[in-house]
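One structure is given here, and the rest of the page talks about it.
What's counted below: heavy atoms across the whole structure, side chains too, no hydrogens, waters or symmetry copies.
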Amino acid sequence: MLFRRVYVTEMLSFDVRSILAQAVAVEADLRPDDPLWSDLEPRPSDVVRLTGRLSPAGEGRFYFAGQFAGAVHTDCRRCLAPVTIPVADEVAALFTDADNEEAGDPDVFPLADGGARVDLSPAVREQWILTAPAFALCRPDCRGLCANCGADLNAGACSCAPAPDPRWDALRRATS
């Protein structure tokens, strides 16, 4: 099947009439300051590359299949060191009229502007939220920070004496 290439730079929105005849190749570079990422944590630290294909899938239905790749810059959850983590995943979404019986399905996105436009933004945003790590580690064996002095335990042991766990106090008293 033939399809046209469309380059998107600002909005991921397409006029339904432009897709009815043939599929459209989507290639977009989504900047970290794009409104798509507003109020998200973690936000992309660099351009997110989106590629895919948007095609008609029956009366009042359109299907997008593609992938994105980007990165997030965040802090390690144990030692607070800065970490950059690649984020990549596939996006598959069905867009349909609000009147369609599938419209109540959480995996189906409604067409925008009363059925006149396909807006890929909600599907891409949702998949980013599901894929980007909520918590990051600088490395799998990160030892974190000392709870007493705050020293980075990855750099070596600190001079703090290990604090006894108060949950064992009753057992210590019983055996002494």
Side-chain angles (χ1 to χ4, degrees), residues 1-78 81-142:
M1 177 188 246
L2 296 174
F3 58 93
R4 294 173 291 132
R5 230 175 246 291
V6 175
Y7 296 92
V8 183
T9 55
E10 293 188 20
M11 293 191 59
L12 298 174
S13 185
F14 300 86
D15 188 321
V16 166
R17 295 172 295 190
S18 69
I19 310 165
L20 288 175
Q22 61 183 354
V24 175
V26 178
E27 295 184 16
D29 289 328
L30 307 169
R31 297 179 11 179
D33 60 351
D34 191 292
L36 173 69
W37 313 120
S38 67
D39 72 339
L40 273 188
E41 280 301 323
R43 292 176 79 156
S45 58
D46 203 358
V47 170
V48 174
R49 180 80 175 143
L50 175 70
T51 59
R53 180 178 179 196
L54 179 61
S55 56
E59 177 113 13
R61 296 166 45 132
F62 300 90
Y63 183 72
F64 176 74
Q67 56 277 334
F68 63 79
V72 294
H73 186 75
T74 187
D75 295 328
C76 175
R77 71 180 293 180
R78 293 183 186 159
V83 181
T84 300
I85 299 174
V87 178
D89 204 358
E90 295 182 0
V91 181
L94 181 65
F95 297 86
T96 186
D97 289 325
D99 298 338
N100 191 310
E101 69 269 358
E102 295 173 319
D105 186 340
D107 296 327
V108 176
F109 296 89
L111 293 174
D113 295 334
R117 301 191 73 68
V118 176
D119 184 6
L120 301 178
S121 299
V124 172
R125 179 181 165 94
E126 180 177 298
Q127 197 60 41
W128 178 269
I129 291 170
L130 294 172
T131 305
F135 301 103
L137 292 176
C138 61
R139 61 184 198 221
D141 63 339
C142 177

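- Remark: F62 engages no residue in a ring-ring contact (aromatic ring centres under 6.0 Å, His included) (not counting sequence neighbours).
- Between L137 and V83, the shortest heavy-atom contact is O-CG1, 4.0 Å.
- Residues F14 and L120 have side chains in contact (heavy-atom distance under 4.5 Å, counting atoms from C-beta outward).
- Nearest heavy atoms, C76 versus C142: SG-SG, 3.7 Å.
- To the nearest 0.5 Å, atom OH of residue Y63 and atom CG of residue L54 are 11.0 Å apart.
- Remark: R77 pairs with no residue by the side chain to side chain donor-acceptor pair (under 3.5 Å) rule, at least two apart or across chains.
- W37 contributes no side-chain N or O that, together with a main-chain N or O of P42, makes up a donor-acceptor pair within less than 3.5 Å.
- Under the rule for a side chain to side chain contact (heavy atoms under 4.5 Å, CB included), the partners of A112 that lie at least two apart in sequence or sit in another chain are R117, D119.
- The CZ atom of R61 sits 11.0 Å away from atom OG of S55, with the distance rounded to the nearest 0.5 Å.
- Under the salt bridge (Lys or Arg N to Asp or Glu O under 4.0 Å) criterion, the residue pairs touching residues 35-46 are D39-R125, with sequence neighbours excluded.
- Remark: P133 engages V72, I85, V87 in a side chain to side chain contact (heavy atoms under 4.5 Å, CB included) (not counting sequence neighbours).
- Remark: T51 OG1 to E27 CD distance equals 7.0 Å, nearest 0.5 Å.
- Side-chain contact between V48 and D34 is absent, with no heavy-atom pair separated by less than 4.5 Å.
- Remark: F64 CZ to L50 CG distance equals 4.5 Å, nearest 0.5 Å.
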V118/L111 under side chain to side chain contact (heavy atoms under 4.5 Å, CB included): CA gap, chis, key distance, verdict: CA-CA 5 Å; V118 176; L111 293 174; 3.5 Å; yes

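- Rounding to the nearest 0.5 Å places CZ of R53 at 12.0 Å from CD1 of I19.
- In this structure, the side chain to side chain donor-acceptor pair (under 3.5 Å) partners of D89, at least two apart in sequence or on a different chain, are Q127, T131.
- Nearest approach of A123 to F95, heavy atoms of both residues: CB-CZ, 4.0 Å.
- Counting heavy-atom neighbours within 6.0 Å of E90 CD, excluding the residue itself, gives a total of 12 or less.
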